[in-house]
Every structure is written in structure tokens, then in C-alpha cells.
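To start, the structure itself, in C-alpha cells.
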Amino acid sequence: MDDRIVILGAGQAGARLAEALRDGGHTGPVTLVGAEAHPPYERPQLSKEMLLDPGASLTPIKPVAGWGMAGIRLLTGMAATGVDAASRSVTLADGQVLRWDRLVFATGTRPRRLPLLEAGPVPVLYLRTVEDALDLRRRLRPGLRLAVLGGGVIGLEVAAAAMKQGCSVDLVEAAPRLLSRAVPPLVAGRLSARHALAGVGLHVGRQAVGMADGGVILDDGRVLPADLVLIGIGVEPCIDLALPLGIADADGIRVDAQGRTAQPGIFAIGDVASQWSRWHGRWSRVETWANAQNQALATAASLLGRDQPHADAPWFWSDQYDLTLQACGDATTGEMVVRGDPQGAFATIHLVDGHINGATSINAPGDMAALRRLVTARAAIAADQLADPGFHLRRAVAALPKS
């Protein structure tokens with residue numbers, strides 16, 4: 001309980017871990033190191049209200065003074081440059097050396113870049129930090145021609161925000177449909193139709209291969225007119241400091257359900273951590289707010305000597321126009337059951353060997369609140385019952401075995 005704990009990364013995961021350690025009774029030094037100049041803040045707002053509301057500002061996880069009051073040493077604007085497992089030390093960019101008994105990587109991810117486009121005549125932006133969001137918000141204006149590269153959550157939310165700001169938007173996605181790794185075709189089709197209705201030009205199965213004066217060149221030879229390009233083609237884990245320790249590969253830092261790596265005393269949480277998913281049957285990184293929050297709490301419990309493995313199904317949400325999308329578990333495989341009206345509020349439920357293994361919903365928050373519990377439990381419920389609007393999902397949750 002009095003170990004020196006150093007957390008590399010002051011995002012959602014790192015910040016929540018530091019809080020949970022103090023709340024759980026840890027009395028030793030806790031140091032939270034962040035490369036950004038800002039205290040820890042909520043990141044989901046960057047592609048949502050930050051782009052739509054000129055008055056929206058940073059939402060800190062805790063007031064600046066609160067970190068000191070909690071006995072947490074917060075170092076912002078300070079990158080770590082090296083980790084030595086033998087001496088149990090971290091070297092910072094200013095030459096400062098931090099000693100640790102246990103070390104936690106919460107270094108997150110960085111955007112995948114397209115350097116070929118960055119060198120072109122049209123300005124290129126990425127969206128990861130509050131500075132990125134503020135820069136994009138300043139540029140969005142009526143009549144701006146925006147090309148969004150990437151049909152994932154970030155790209156779609158930016159496209160929706162830009163349309164509301166009066167921009168002209170073209171969205172390019174290399175896969176045959178939107179969100180192909182996260183939602184079923186039925187849900188992707190509903191989102192595509194809504195974006196098309198708003199006026200977004202959708203170019204699926206296409207890639208940007210270069211820049212021309214005033215536009216983006218696609219692989220079929222077309223040139224999309226653009227005054228600005230937003231690239232949202234995914235992220236890569238920040239593993240530079242972890243690679244020499246033998247605990248990371250290109251897919252991230254592999255951890256168990258308590259956040260432990262193969263190196264004694266070293267942990268990893270959040271977007272950088274690769275976890276075994278029993279819903280997908282493979283190792284994967286979970287790049288969501290909920291995972292950063294909940295995995296941090298489970299790892300804090302582990303650091304405090306308590307057995308509380310991280311066992312929640314992966315879950316995310318996205319707001320686009322008047323649609324709220326939610327997805328949980330693996331919603332791309334198995335037998336799909338549709339609950340509700342696909343043109344209105346509905347959910348899809350995905351069964352593998354008779355067990356609920358994933359779900360999505362559009363404008364059905366009540367159903368999803370129950371489905372998240374049922375997916376986590378991999379509950380066995382008949383398909384015809386799940387499709388019946390009269391079947392109460394909350395009663396099914398109440399009938400789950402108590403853990």
C-alpha cells in the first residue's frame with residue numbers, strides 16, 4: 001500500500017487509475033506523467049460538442065488543484081524518454097528520473113498518418129488532442145469543402161458536425177461499407193442513409209492516393225474538391241517505451257485481466273493494452289472511453305491487492321445527427337436478431353451457440369442498458385424471445401446468476 005507507483009499517460013485511463021488508487025487507500029507516492037500540457041480531460045467531447053459549440057471548452061476529469069489535494073503528483077507537458085526495468089526508473093525529457101516500485105503504461109494511441117497527403121497543397125488535419133479539435137472548429141465554416149478520410153466513428157462524427165456547420169463534406173472509406181469492424185450491415189446501412197440524407201458524399205471501397213490543387217485524388221482517378229482534409233483512418237499504440245522491455249508488439253502491450261504484463265511490477269491499461277476478448281476469441285485493443293474507465297478500476301484493485309478482474313464486454317457509443325449508436329461485444333458475427341423497427345429505434349442482437357455475444361442499437365438506450373449486461377454474461381436466451389418487443393430484457397438481466 002506504500003509502493004511508489006508511476007503512471008505514464010495522463011488520459012482517461014491513467015487519471016482514473018490514479019484516483020482509484022487513492023480512493024482505495026493507497027498511501028505511497030503516485031505520480032501521473034502526461035505529455036500534453038493540459039491536466040487530464042474527457043476525450044469523447046473532441047469529436048462531438050467541441051466541434052459544434054463555440055463556447056465548449058475542455059472538461060477536466062478533476063480540477064487542477066484536486067490532484068494535489070488527492071496527494072497525486074501530476075506532471076503535464078512532460079514526455080517520458082526511457083524506462084529501465086532493472087533499476088526501476090523512468091527518465092523524463094527534462095532529465096528528471098522517477099523511481100518506481102510499480103509502473104503502469106497508459107500511453108494510449110496516436111493517429112495513423114498519411115505523409116503522402118500531408119505534403120500536398122490542401123491542409124491536412126488529424127483529431128486526437130484538444131488543440132486538434134479547436135483547430136478544426138476554427139476552420140469549419142459554411143461553404144468549406146471538407147474531405148474526411150475514414151468511415152469509422154471519428155470520421156462519421158466529424159462529418160456530421162461539419163454538415164451542421166454548413167460545410168460540404170465528402171467521406172472516403174476503403175472498406176466496402178462504414179464501420180465494417182464494429183457493426184452489422186443493417187446498422188451501417190442506416191448510418192449511411194442518414195449521412196446521405198444530410199448531404200454527405202459517400203465514397204466506399206475507395207482510397208485517397210494523392211493530392212491535386214484543390215482536391216484529393218482517389219484510386220479510381222477522380223478528384224474530390226477539398227479545402228481541408230481530415231484523416232481518421234485509425235490509430236496505432238504508443239509502445240516506444242515498452243518495446244525494449246519485451247512486453248509489446250505492433251498490436252500493443254499484452255496484459256491479463258488484472259492489467260499485468262509479462263514483466264513483474266509493470267502494468268498497462270487503456271487504448272495501449274492488448275486484452276483477450278472472449279467475445280471475439282482473440283487478443284485486441286479496446287479503444288473506448290468505457291474500457292479506459294473500467295480497466296483502470298480493475299487494475300487499481302490489482303495494485304491494491306484485490307482480485308477484481310476486468311470482465312466487461314467492450315462498449316462504445318456515437319452521436320450522429322439525430323441518431324445515437326451503441327455497440328457492445330462482437331456485433332459482426334453469429335446469428336443476428338432484430339428487435340424493433342430498423343427505420344426507427346431498434347437493436348440487433350448477435351447469438352453464438354445460443355449465447356448473446358454482441359449487440360448494437362440505434363436510439364434504443366433502454367434496450368442497450370440491459371443488453372450490455374446480457375452480453376457481458378453471454379446469457380443464453382432464445383432468438384424468438386429476443387425479437388419479441390414484449391419480452392422484457394431487464395427481467396432477463398434480473399434473472400442472471402448473482403456474482
Side-chain angles (χ1 to χ4, degrees), residues 3-18 20-21 26 28-35 75 78-113 128 234-278 280-288 291-292 294-311 314:
D3 280 358
R4 298 166 298 181
I5 297 178
V6 172
I7 305 165
L8 299 181
Q12 182 80 27
R16 292 304 187 195
L17 174 68
L21 287 171
H26 184 77
V30 175
T31 304
L32 184 59
V33 181
L75 302 177
M78 187 64 66
T81 58
V83 174
D84 189 323
S87 64
R88 300 214 160 193
S89 63
V90 171
T91 302
L92 304 183
D94 64 353
Q96 186 178 173
V97 175
L98 304 177
R99 304 290 178 181
W100 50 269
D101 297 303
R102 286 179 288 178
L103 177 69
V104 183
F105 282 92
T107 43
T109 58
R110 52 180 166 248
R112 287 199 177 97
R113 307 186 75 90
R128 184 60 182 169
V235 296
E236 57 185 26
C238 296
I239 55 174
D240 311 69
L241 298 175
L243 277 173
L245 304 175
I247 58 174
D249 56 29
D251 294 326
I253 302 174
R254 187 167 290 190
V255 299
D256 65 11
Q258 283 80 23
R260 297 174 297 206
T261 73
Q263 280 272 14
I266 300 182
F267 299 71
I269 57 175
D271 292 4
V272 77
S274 178
Q275 313 163 57
W276 177 257
S277 171
R278 57 194 177 97
H280 299 84
R282 57 179 168 81
W283 292 90
S284 64
R285 289 183 301 101
V286 183
E287 302 159 8
T288 69
N291 177 71
N294 297 333
Q295 192 188 25
L297 298 179
T299 302
S302 177
L303 288 162
L304 293 166
R306 301 165 191 158
D307 184 20
Q308 183 184 309
H310 177 50

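Reckoned from all heavy atoms, side chains included, excluding hydrogens, waters and symmetry mates. Values in this document were obtained by computation on a predicted structure and should not be read as measured data. Start at 1 with the first residue, then count along the sequence.
For Pro309, the side-chain contact (heavy atoms from CB on, under 4.5 Å) test picks out Ala257, Gln258, Asp307, with sequence neighbours left out. Residues passing the salt bridge (Lys or Arg N to Asp or Glu O under 4.0 Å) test with Arg113 are Glu118, sequence neighbours excluded. In this view, His26 satisfies the side-chain hydrogen bond (donor to acceptor under 3.5 Å, both in side chains) rule with no residue, not counting sequence neighbours. The salt bridge (Lys or Arg N to Asp or Glu O under 4.0 Å) test applied to Arg254 returns no partner, not counting sequence neighbours. Every residue meeting the side-chain hydrogen bond (donor to acceptor under 3.5 Å, both in side chains) condition with Ser89, not counting sequence neighbours, appears here in chain and number order: Ser87. Remark: Ala296 pairs with Arg16, Leu17, Ile269 by the side-chain contact (heavy atoms from CB on, under 4.5 Å) rule, at least two apart or across chains. Residues passing the side-chain hydrogen bond (donor to acceptor under 3.5 Å, both in side chains) test with Thr81: none are found, sequence neighbours excluded. Residues forming a side-chain contact (heavy atoms from CB on, under 4.5 Å) with Ala298 (at least two apart in sequence, or on another chain): His310. Taking the side-chain contact (heavy atoms from CB on, under 4.5 Å) definition, one finds that Thr31 meets it with Val6, Val33, Arg73, Leu75, Leu98, sequence neighbours left out.
Rounding to the nearest 0.5 angstrom, the gap separating the CG atom in Asn294 from the OG1 atom in Thr299 is 10.5 Å. Leu103 CG to Asp84 CG: the interatomic distance, rounded to the nearest 0.5 Å, is 11.0 Å. The line from CG of Leu21 to CD1 of Ile5 is 4.5 Å long, rounded to the nearest 0.5 Å. Note that CD1 of Ile7 is 5.5 Å distant from CG of Leu32, once rounded to the nearest 0.5 Å.
A donor-acceptor pair is defined here as one N or O able to donate and one able to accept, closer than 3.5 Å; no such pair exists between the side chain of Ser274 and the backbone of Trp283. Without hydrogens or angle criteria, Gln263 side chain to Leu245 main chain gives a donor-acceptor distance under 3.5 Å.
Counting only residues at least two apart or on different chains, the side-chain hydrogen bond (donor to acceptor under 3.5 Å, both in side chains) pairs with a member in residues 5-15 are Gln12-Trp289, Gln12-Gln293. For residues 90-111, the salt bridge (charged side-chain N to carboxylate O under 4.0 Å, His left out) pairs, not counting sequence neighbours, are Asp3-Arg102, Arg4-Asp101, Arg110-Glu236, Arg110-Asp240. Residue pairs meeting the salt bridge (charged side-chain N to carboxylate O under 4.0 Å, His left out) criterion with at least one partner in residues 260-277, sequence neighbours excluded, are Arg128-Asp271, Asp256-Arg260.
Closest non-hydrogen pair, Val90 versus Ala80, comes out as CG1-CB, 3.9 Å. Closest approach of Gly34 and Ala10 over heavy atoms only: CA-CB, 3.7 Å. The two residues Gln308 and Ala301 come nearest to each other via the heavy atoms CB-CB, 3.6 Å. Shown here for Gly270 and Ala13, the closest heavy-atom pair between the two residues is CA-CB, 3.9 Å. Residues Val30 and Ala18 come closest through the heavy atom pair CG1-CB, 4.1 Å. Of all heavy-atom pairs spanning Val286 and Pro314, the tightest one is CG1-CB, 3.8 Å.
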Requested in this report: Would you please test Ile239 and Val272 for side chain to side chain contact (heavy atoms under 4.5 Å, CB included) and show each step?
Outcome: CA-CA 7 Å; Ile239 55 174; Val272 77; 3.9 Å; yes
Query raised in the report: Between Val255 and Gln275, is a side chain to side chain contact (heavy atoms under 4.5 Å, CB included) present by the stated rule, with each step listed?
Result: CA-CA 6 Å; Val255 299; Gln275 313 163 57; 4.0 Å; yes
Query raised in the report: Would Phe105 and Val83 satisfy side chain to side chain contact (heavy atoms under 4.5 Å, CB included), going step by step from the backbone distance to the final call?
Result: CA-CA 11 Å; Phe105 282 92; Val83 174; 4.1 Å; yes
Query raised in the report: Which is it for Trp100 and Ile266 under the side chain to side chain contact (heavy atoms under 4.5 Å, CB included) test, yes or no, and what are the steps along the way?
Result: CA-CA 10 Å; Trp100 50 269; Ile266 300 182; 3.9 Å; yes
